[in-house]
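Predicted model, so just to flag it, every value in this text is computed and none were measured.
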Amino acid sequence: MKMIRYSGALILPLLMVAACSNSTDTTSADASAASSAAPTQSTARPAAVPTGAIIPSPAPDDQDQALADGDMSADWLDPVELTQAVALEDSVTVAIGELSSRHLDAALPDEVSGDGIIIPVTVANTGTDELSLAGLVVTVAAGEEDIPASQMLSASDQIPASLASGEAVTIDMAFVVPQELRGKISIVVDLGAQSRAAVFQGAAPTS
């Protein structure tokens, strides 16, 4: 039986090629992972506590039954203008800042680029205890038929976990809203089960 001998001069280049190949694969994988990483959201900024807030009327007697029947709007307060602040219960005030128009570029897998608006939502803790913002949800409907608008999370500020007593914060929320639907928009700010939701209505800028 013949034994086959391999030259060291042949083995060394093969090892170098393999090492280079592994290095290239690792670099490509790292670059791919970096490019697919979620974008960093901006941080909400401190704000002044809104003044002149409207104090809503008590909830109607049939609210609980309406909610049990699936009518979520039964938990909404009467609509106010975009420039009007609203007091929710005794410990929270919410307000909407000046809306701006912007083209929104998708940065997450489920997002779709399009013309949109930036909605500054101010939340103030006017109570004596820390206020949780874990349940804060903002929704937008546009046009005469109240078509739901999609929020673009990658272009929205990150919501803080809570607010200390006496503090207020403004959170920029980005929504894709076609220009032809901006003549009428409804913004619902809902902090969860702790209070009823505020509803703001008006027109959004187109440029």
Side-chain angles (χ1 to χ4, degrees), residues 41-60 63 66-67 71-102 116-144 146 148-153 155-177 181-206:
Q41 288 181 283
S42 299
T43 303
R45 56 193 182 277
V49 175
T51 58
I54 290 178
I55 299 176
S57 57
Q63 179 190 33
L67 290 173
D71 182 9
M72 301 310 298
S73 65
D75 197 35
W76 296 358
L77 298 173
D78 293 334
V80 300
E81 296 180 359
L82 294 175
T83 56
Q84 183 64 62
V86 178
L88 303 181
E89 308 307 329
D90 297 325
S91 59
V92 187
T93 297
V94 295
I96 301 297
E98 184 177 359
L99 276 58
S100 59
S101 178
R102 183 189 304 176
I117 56 175
I118 305 298
I119 303 174
V121 180
T122 296
V123 181
N125 180 2
T126 56
T128 57
D129 298 325
E130 186 176 58
L131 173 67
S132 172
L133 297 182
L136 175 60
V137 175
V138 177
T139 56
V140 173
E144 295 300 327
D146 290 328
S150 298
Q151 183 181 3
M152 188 168 286
L153 291 176
S156 301
D157 288 343
Q158 185 174 11
I159 300 174
S162 61
L163 272 179
S165 175
E167 288 188 350
V169 66
T170 295
I171 309 160
D172 285 344
M173 301 284 196
F175 289 85
V176 176
V177 181
L181 297 179
R182 298 184 191 179
K184 175 193 172 186
I185 65 167
S186 295
I187 304 168
V188 178
V189 181
D190 190 351
L191 272 79
Q194 57 192 321
S195 65
R196 289 185 288 167
V199 182
F200 303 87
Q201 291 184 342
T206 56

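Of all heavy-atom pairs between Ala203 and Leu82, the closest is O-CD1, 3.6 Å. Heavy-atom minimum distance, Leu181 versus Ala142: O-CB, 3.6 Å. Ala174 and Ser156 make their closest contact through N-OG, 2.9 Å (heavy atoms, listed as atom of the first residue, atom of the second, distance). Here the closest heavy-atom approach between residue Ile117 and residue Ile185 is recorded as CD1-CD1, 4.1 Å. When every heavy atom of Phe175 is checked against every heavy atom of Val138, the shortest pair comes out as CZ-O, 3.4 Å. Between Asn125 and Ser91, the shortest heavy-atom contact is OD1-O, 3.4 Å.
Listed by chain and residue number, nothing satisfies the side chain to side chain donor-acceptor pair (under 3.5 Å) test with Thr206 (two or more places apart in sequence, or in another chain).
Residues Leu133 and Leu191 form a side-chain contact, since some pair of their non-hydrogen atoms from C-beta on lies under 4.5 Å apart. Using a 4.5 Å heavy-atom threshold, the side chains of Glu81 and Ile96 count as separate. In this structure, Asp146 and Ser186 have side chains that are in contact, with non-hydrogen atoms separated by less than 4.5 Å. Side-chain contact between Leu136 and Val189 is present, with heavy atoms from C-beta onward closer than 4.5 Å. Side-chain contact between Val123 and Leu131: present, with at least one pair of heavy atoms (C-beta onward) separated by less than 4.5 Å. No side-chain heavy atom of Val140 sits less than 4.5 Å from a side-chain heavy atom of Gln151. For the pair Pro160 and Val169, the minimum side-chain heavy-atom distance is below 4.5 Å.
Taking CD from Gln201 and CD1 from Ile187, the interatomic distance works out to 9.5 Å, rounded to the nearest 0.5 Å. Leu77 contributes atom CG, which lies 12.0 Å from atom CD1 of Ile55 (distance to the nearest 0.5 angstrom). For the atom pair CD1 of Ile119 and CG of Asp172, the computed distance is 10.0 Å after rounding to the nearest 0.5 Å.
Formation of a donor-acceptor pair under 3.5 Å by the Arg102 side chain with backbone atoms of Ile118 is not found in this model. In this structure, Glu98 contributes its side chain and Thr83 its backbone to no donor-acceptor pair below 3.5 Å.
Sorted by first and then second residue, the side-chain hydrogen bond (donor to acceptor under 3.5 Å, both in side chains) pairs involving residues 157-170 (not counting sequence neighbours) are Thr122-Thr170, Glu130-Ser162.
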